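Reviewing the structure listed below.
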Amino acid sequence: MVIPMSQSMRIVGALKRALKARGVSYADVARQLKLSESSVKRLFSTGAFSLARLEAVSELANVDLLELARLADEQRLRVPSLTIEQEREVVNNPALLLVSVCVLNRWSFERILARYRFTEPQLIGLLARLDRMGVIELLPGNRIRLLITRNFAWLPDGPIHRYFVEHIQGDLLAGPFDPDRDLHRFAWGMLSAESAAQLRVRLAEAMDEFDELTRSDEVRADAAATGTCLLVALREWEPNAFRTMHRSEVA
């Protein structure tokens, strides 16, 4: 018997945490299952455990399957970000990246299918990959249950962030901004560390407000929501043209 993929990945994640807490290594698991260590790593990465093997490894972690299921369920809605490997997988497939953005914005299967040129099998396949990553649970009738934390974010300077900077950011800023609908402001000045910290808090609040509004518009039947991008950036920085005029003793 093989456990369904979405459930298996959550249970395997809980099992990995239980093994780590008891100091059990991949080598220990390999001896228990009479497999090579590389085969064990592959089992954990794919989640393709049979029930018998899952029970055998659970003995090493000193937990039973019911406890593992409970621990997995506790983590079901707690995906704060993808791993670097998962972000690489997403960013290397433009269709998967597009569908990821759609589901993170709570689009339904039907809405994605109506907007973009996917066949139903193609879209189901892409959603199944996100299911395996633990980002969503693909339910009967192609319903999508989002499994991320409230503060889910792409990894700082991760593959998706770098993709945005290299391929999307320029396109976003190059187009015209409609003053009645859009906002484009740039400010450069001198800030103390304390003032910069205060500003970071306020910018984070603005991002939270953006997220709240996307949630509320998703459930409003009268909301004519369109693709909207909010870019927030704050860094200690000085234009290169200014730096070249520093006196030599100034760092």
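Here the structure is a predicted model, which is why all the values come from computation and not from measurement.
With rounding to the nearest 0.5 angstrom, the CZ atom of Arg243 is 4.5 Å from the CG atom of Asn240. With rounding to the nearest 0.5 angstrom, the CD atom of Glu137 is 6.0 Å from the CG atom of Leu147. Here OG of Ser58 is found 8.5 Å from CZ of Phe49. Values are rounded to the nearest 0.5 Å.
For Trp107 (side chain) and Val99 (main-chain N/O), no donor-acceptor pair under 3.5 Å exists by modelled atom type.
The shortest distance between side-chain heavy atoms of Val165 and Asp157 does not fall below 4.5 Å. By the 4.5 Å heavy-atom criterion applied to side chains, Leu60 and Arg22 are not counted as neighbours. Using a 4.5 Å heavy-atom cutoff, the side chains of Gln86 and Val135 are not in contact. Residues Asp28 and Leu19 fail the side-chain proximity criterion, which asks for heavy atoms closer than 4.5 Å. Between Val29 and Phe44, the closest side-chain pair of non-hydrogen atoms falls below 4.5 Å.
Ring centroids of Trp154 and Tyr163 are separated by 6.0 Å or more, keeping the two rings apart.
Residues Leu35 and Arg53 approach most closely at CD2-NH2, 3.7 Å, considering heavy atoms. Taking both residues in full, the closest heavy atoms of Leu138 and Asp131 are given as N-OD2, 2.8 Å, listed atom of the first, atom of the second, then distance.
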Kindly list each side-chain donor-acceptor pair under 3.5 angstrom involving residues 168-185, sequence neighbours excluded, with atom names and distances?
| unit_1 | atom_1 | unit_2 | atom_2 | d |
| --- | --- | --- | --- | --- |
| Asp178 | OD1 | Asp180 | N | 2.9 |
| Asp182 | OD2 | Asp178 | N | 2.9 |

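In this structure, Glu166 places its CD atom where more than 12 heavy-atom neighbours from other residues, nucleotides or ligands lie under 6.0 Å away.
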